[in-house]
Amino acid sequence: MKKRSLFTILLLFALSLVLVACGGNSNDGGNNGGNNAGGETPDFLSFLTGGTSGTYYPLGGAIAKIITDETGIQTDALSSNASADNIIALRDGEAEIAFTQTDVASDAVAGENAFEGEPVDTVLAVGSLYPETIQIVTTKKSGIESVEDLKGKKVSVGAPGSGTYVNAEQILEIHGLTMDDIDAQNLDFGESAGGIKDGNIDAAFITAGTPTGAVEELQATAEVNVLPIEADKAEELIEKYPYYANDTIEEGTYGLESDVETVAVMAMIVVKDDISEDAVYDITKAIYENTDDIAHAKSEFISLDSALDGIGFDLHPGAKKYYEEQGLEIE
């Protein structure tokens with residue numbers, strides 16, 4: 001009788017292990033298969049933008065609202081040091097979605113410039129948004145008329161980890177200068193404008209959509225001058241770094257008396273690669289099908305026609321699926 005009881009107990013125990021194992025397998029299949037292929041569908045998203053005085057932060061808030069309303073995923077826009085720092089934060093799991101520049105994202109994936117020897121392989125593209133103009137801002141009073149005139153001057157080259165810093169470095173390079181030739185200051189856009197106004201710095205590199213709020217504030221108290229990048233230098237820059245394009249700051253912007261020729265990169269959105277295909281499909285669809293409802297002036301530039309401009313690395317499968325459905329050719 002005892003032997004029988006022991007046999008029965010062991011048999012029941014073995015059966016319970018089988019049932020647990022089967023239940024576990026069923027659960028895993030539900031999490032990793034079906035509509036969640038490629039990752040998880042989150043309930044919340046942290047959306048990294050940029051400094052509060054630039055274009056990223058207010059635009060990010062407007063886009064976060066669209067994503068929340070259209071997808072049901074609560075999305076919160078957070079201020080940050082922008083481009084490069086945003087990519088690092090995504091890599092380190094501190095956020096899920098972010099603004100960056102196309103050039104910075106390409107560098108991150110390739111392990112170049114600020115990411116030298118440390119490529120990021122966990123960030124994928126969602127889409128490009130609008131041109132970010134390279135604005136080298138000073139005042140008429142400063143007497144600075146060209147990039148070469150920046151030598152020996154106090155110049156803000158952007159917040160640490162920002163795409164602006166990389167742009168400044170590359171533009172100085174094309175003009176035969178390095179960071180060692182200027183007194184470089186690591187300030188955000190608001191601090192840069194304030195520094196020029198107070199006379200603490202002479203000029204600032206600002207990479208942002210025009211008009212930029214911080215420069216408009218400077219215009220209220222000073223005669224703004226924006227340095228041109230001459231055609232031959234722009235051509236040389238674009239040849240070496242193909243993610244740049246020619247751009248123009250139009251007469252009247254910041255009170256300018258004539259057009260200023262310069263260059264631009266594209267602002268874009270990137271996302272962690274472990275977000276599900278369905279979630280990123282819905283996010284992409286929400287952005288590009290509701291541009292009229294994005295409460296920011298830059299919404300006029302956000303279009304499917306330019307959604308793939310300047311992107312030199314992999315799209316998230318969810319974004320790719322959406323673009324293919326819209327008939328876009330993806331290389």
Is the closest side-chain heavy-atom distance between [X] and [Y] below 4.5 Å?
X	Y	value
Val104	Phe115	yes
Thr102	Tyr244	no
Tyr56	Ser83	yes
Lys197	Thr139	no
Ile134	Thr207	yes
Leu124	Pro317	yes
Val226	Tyr254	yes
Tyr322	Glu289	yes

For [X], look at atom [atom1] and say whether over 12 heavy atoms of other residues, nucleotides or ligands are found less than 6.0 Å away.
X	atom1	answer
Glu148	CD	yes
Glu239	CD	no
Glu324	CD	yes
Lys298	NZ	yes
Lys153	NZ	yes
Gln326	CD	yes
Asp292	CG	no
Lys233	NZ	yes

ask   = How far apart are the C-alpha atoms of Met179 and Ile182, what are their side-chain angles, what is the distance that settles it, and do they pass the side-chain contact (heavy atoms from CB on, under 4.5 Å) test?
value = CA-CA 6 Å; Met179 289 292 180; Ile182 62 173; 4.1 Å; yes
Looking at [Y], is its backbone amide N or carbonyl O close enough to the side chain of [X] to form a donor-acceptor pair, meaning the two atoms are under 3.5 Å apart?
X	Y	value
Asp85	Ala82	no
Gln74	Phe44	no
Asp76	Ser46	no
Asp181	Thr178	yes
Asp188	Gly190	yes
Ser299	His296	yes
His175	Leu177	no

Looking at every non-hydrogen atom in both residues, tell me the closest pair between [X] and [Y] and how far apart they are.
X	Y	result
Lys285	Asn290	O-ND2, 4.2 Å
Ile294	Ile302	CD1-CD1, 4.1 Å
Gln101	Thr164	OE1-N, 3.8 Å
Val126	Tyr323	O-OH, 2.6 Å
Thr75	Ala64	O-CB, 3.5 Å
Glu145	Pro228	O-CD, 3.9 Å

Give the cluster check for [X] versus [Y]: same hydrophobic cluster or not, with ILVMFWY residues linked at side-chain heavy-atom distances below 4.5 Å.
X	Y	answer
Phe189	Tyr57	no
Ile275	Ile87	yes
Val166	Val120	no
Ile287	Val123	yes
Met266	Ile330	no

Donor on one side chain, acceptor on other, [X] and [Y], under 3.5 Å:
X	Y	result
Asn86	Ser80	yes
Asp247	Thr133	yes
Ser258	Glu251	no
Thr210	Gln135	no

- Quick one: do Leu308 and Leu315 satisfy side-chain contact (heavy atoms from CB on, under 4.5 Å)? Show the steps, please. CA-CA 9 Å; Leu308 301 179; Leu315 289 165; 3.9 Å; yes
When Val137, Asn167, Ile171 are each screened for side chain to side chain contact (heavy atoms under 4.5 Å, CB included) with Phe205, the one that passes is Ile171
Exactly one candidate in Ile201, Ile144, Leu150, Val155 meets side chain to side chain contact (heavy atoms under 4.5 Å, CB included) with Thr138; the answer is Ile144
Residue pairs passing the salt bridge (Lys or Arg N to Asp or Glu O under 4.0 Å) test with at least one member in residues 203-230, sequence neighbours excluded, are Lys140-Glu223
Residues pairing under ring pair (Phe, Tyr, Trp, His ring centres under 6.0 Å) where one sits in residues 65-95, two or more places apart or in two chains, turn out to be none
Could you go through the side-chain contact (heavy atoms from CB on, under 4.5 Å) check for Asn113 and Gln170 one step at a time?
CA-CA 10 Å; Asn113 290 316; Gln170 291 169 343; 3.6 Å; yes
